[in-house]
Amino acid sequence: MRGVPKGASGCQRNPLGSGKERFGRCSRLLKADDFKTVFSRPRKSVDDCFTVLACANTQKHPRLGLAIAKRQVRSAVARNRIKRVIRESFRRHQSLLPALDIVVLARRGTEAKGNAELFRSLQGHWSRLGRRCAG
RNA sequence: AGAGUCGGCCAGGCAGUCGCUGUGCCGGUUGGCAUGGAGGAAAGUCCGGGCUCCACAGGGCAAGGCGCCAGGUAACGCCUGGGGGGCGAGAGCCUACGGAAAGUGCCGCAGAAAAUAUACCGCCUAAGCACAUUGGUGCCGGUAAGGGUGAAAUGGUGCGGUAAGAGCGCACCGCGCCGGUGGUAACACCGGUGGCAGGGUAAACCCCGCCUGGAGCAAGACCAAGUAGGGGAGCAAUGCGCGGCCCGCGCAGCUUCCGGGUAGGUUGCUUGAGGUACACGGUGACGUGUAUCCCAGAUGAAUGACUGUCCACGACAGAACCCGGCUUAUCGGCCGGCUCUCCAC
């Protein structure tokens, strides 16, 4: 384990292999380069809660990255809440998604929304991206 | 019982399902099991330290902070106890609380005058001069008691004194000085004595005393792999750095010789001025001893989501090297000390 990056240990495996809804390190975007590629040629899905960017990756499974800016969401508690909701929703729905790298950005109004509303919004984003990127 | 005041504590609970992450054990791997997983402010970054690197040869000038006394502490601008002053009926609360006869500045409006004093309305006419000569009138003057202005007007009250007045004199209070007593001290009390010296402002400059190197975990250390970074010697001038400036010192530049570094990862990274219990010392902050416990350590960043249920219907708010404080935000609830008022006995 010495000298080997933490995230590289299990990333060859498919996180859906066990059939459970897991969300380990290899289901996340870890490097700045990963984010750059998504930002450079994204497919967008926007509503008044989130802006969701996605592009196809070389893995066998989707990966998630979060970009909740301090500018958009001032309170640290609110930022944590939004991130947790996004991860939870991704975890639940990742089996339905193709092999995409996804970046979720917060919008100015995100802080005011309740958890249920955020979950509803995210569900819409997942199905939209799934349909668009599959074909 | 009500009102108030001070101090301390808690920060939704329980159950189920699905997750994230640290550690330990098992396992060939996927993984499994066990166990730990935000706060009283984690916040603001306002002080003080530890830790790390740089500068550590010092000097001068600046700059900043602090400011009743004693203690506590690693240290502090913090805390505790005490003193002075102010507020409150009281418990209690507030206090930037050294120096204004070292110097400089400022003091709006009003007011005569805001500081080497001065005289608006007033008061007086004793002494001197002139006129009249019966009281008187004017000049030369005296005075600051009274009025008025102001936040503030050259001690306060009373008696004497006087032409009217004035620390001019006296008593008490205040102020300064001296001595004594108590107290570690700040200071308090008592006695004597002096004479009216002197406005306020030092979170205005300033003076006095004390304190202060610079940067910060993206500090710094280590590891693996390619493209020119490091060390030694010589050289004139320029730039940069050592918090600022002047010395002073160092580095960069050019020539020459010798050997190897930044993007990623590991570490620093949580055992500590540590918590809990008891005993002892101390008015207290706190200290000492013994026993016992290990109590977040992420790094695109964990500590959660959903459902059910109960109630008082859940505020402010999220660790990022670590501690000690301060300040600010906060739905509500609980406990205790003390004070005042009312009722009953």
Checklist entry - Under a 90° cut-off about 0 for the syn range, is rC295(B) syn or anti? => result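 With its glycosidic angle within 90° of zero, rC295(B) counts as syn.
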Item to check | Trace of the salt bridge (Lys or Arg N to Asp or Glu O under 4.0 Å) decision for R120(A) with E117(A) | outcome: CA-CA 5 Å; R120(A) 238 188 345 270; E117(A) 198 171 347; 5.0 Å; no
Pick the [atom1] atom in [N] and in [M], then give their distance to the nearest Å.
N: rA291(B); M: rC187(B); atom1: C1'; answer: 47 Å
N: rA144(B); M: rC106(B); atom1: C1'; answer: 29 Å
N: rG183(B); M: rA273(B); atom1: P; answer: 43 Å
N: rG81(B); M: rA55(B); atom1: C1'; answer: 43 Å
N: rG336(B); M: rA319(B); atom1: C1'; answer: 33 Å
N: rU17(B); M: rC295(B); atom1: P; answer: 26 Å
N: rC10(B); M: rG39(B); atom1: P; answer: 11 Å
N: rU201(B); M: rC242(B); atom1: C1'; answer: 43 Å

Determine: side-chain N/O of [X] to OP1/OP2 of [N], distance under 4.0 Å, yes or no.
X: N115(A); N: rC306(B); value: yes
X: R74(A); N: rA43(B); value: no
X: S75(A); N: rG318(B); value: yes

I want to verify a distance call: between [options], whose nearest atom is closest to the [X] side chain?
X: A67(A); options: rG300(B), rG19(B), rG318(B); value: rG300(B)
X: A76(A); options: rA319(B), rG304(B), rA301(B); value: rA319(B)
X: R92(A); options: rG19(B), rG318(B), rA305(B); value: rA305(B)
X: R87(A); options: rC18(B), rA301(B), rA317(B); value: rA301(B)

Next on the checklist: Return the pairing partner of rU104(B) with a 3.5 Å limit on both distances, Watson-Crick or G-U wobble; otherwise return none.
Outcome noted: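 Checking every strand shown, rU104(B) finds its partner in rA204(B), with both distances under 3.5 Å.
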Checklist entry - Does any nucleotide pair with rA153(B) by Watson-Crick or G-U wobble geometry, both distances under 3.5 Å, and what is it? => result none
Checklist entry - Is the backbone of D47(A) close enough, under 3.5 Å, to the side chain of R107(A) for a donor and an acceptor to pair up by distance? => result yes
Checklist entry - R79(A) side chain to R74(A) main-chain N or O, any donor-acceptor pair under 3.5 Å? => result yes
Next on the checklist: Set out, in order, the CA-CA distance, both residues' side-chain angles and the distance that settles side chain to side chain contact (heavy atoms under 4.5 Å, CB included) for L122(A) and F90(A), then state yes or no.
Outcome noted: CA-CA 8 Å; L122(A) 287 163; F90(A) 177 83; over 6 Å; no
Item to check | R84(A) (side chain) and rG318(B) (base): donor-acceptor pair under 3.5 Å | outcome: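 Answer yes: a donor N or O sits under 3.5 Å from an acceptor.
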Checklist entry - Does T110(A) reach the side chain of I68(A), with side-chain heavy atoms less than 4.5 Å apart? => result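 Not in contact.
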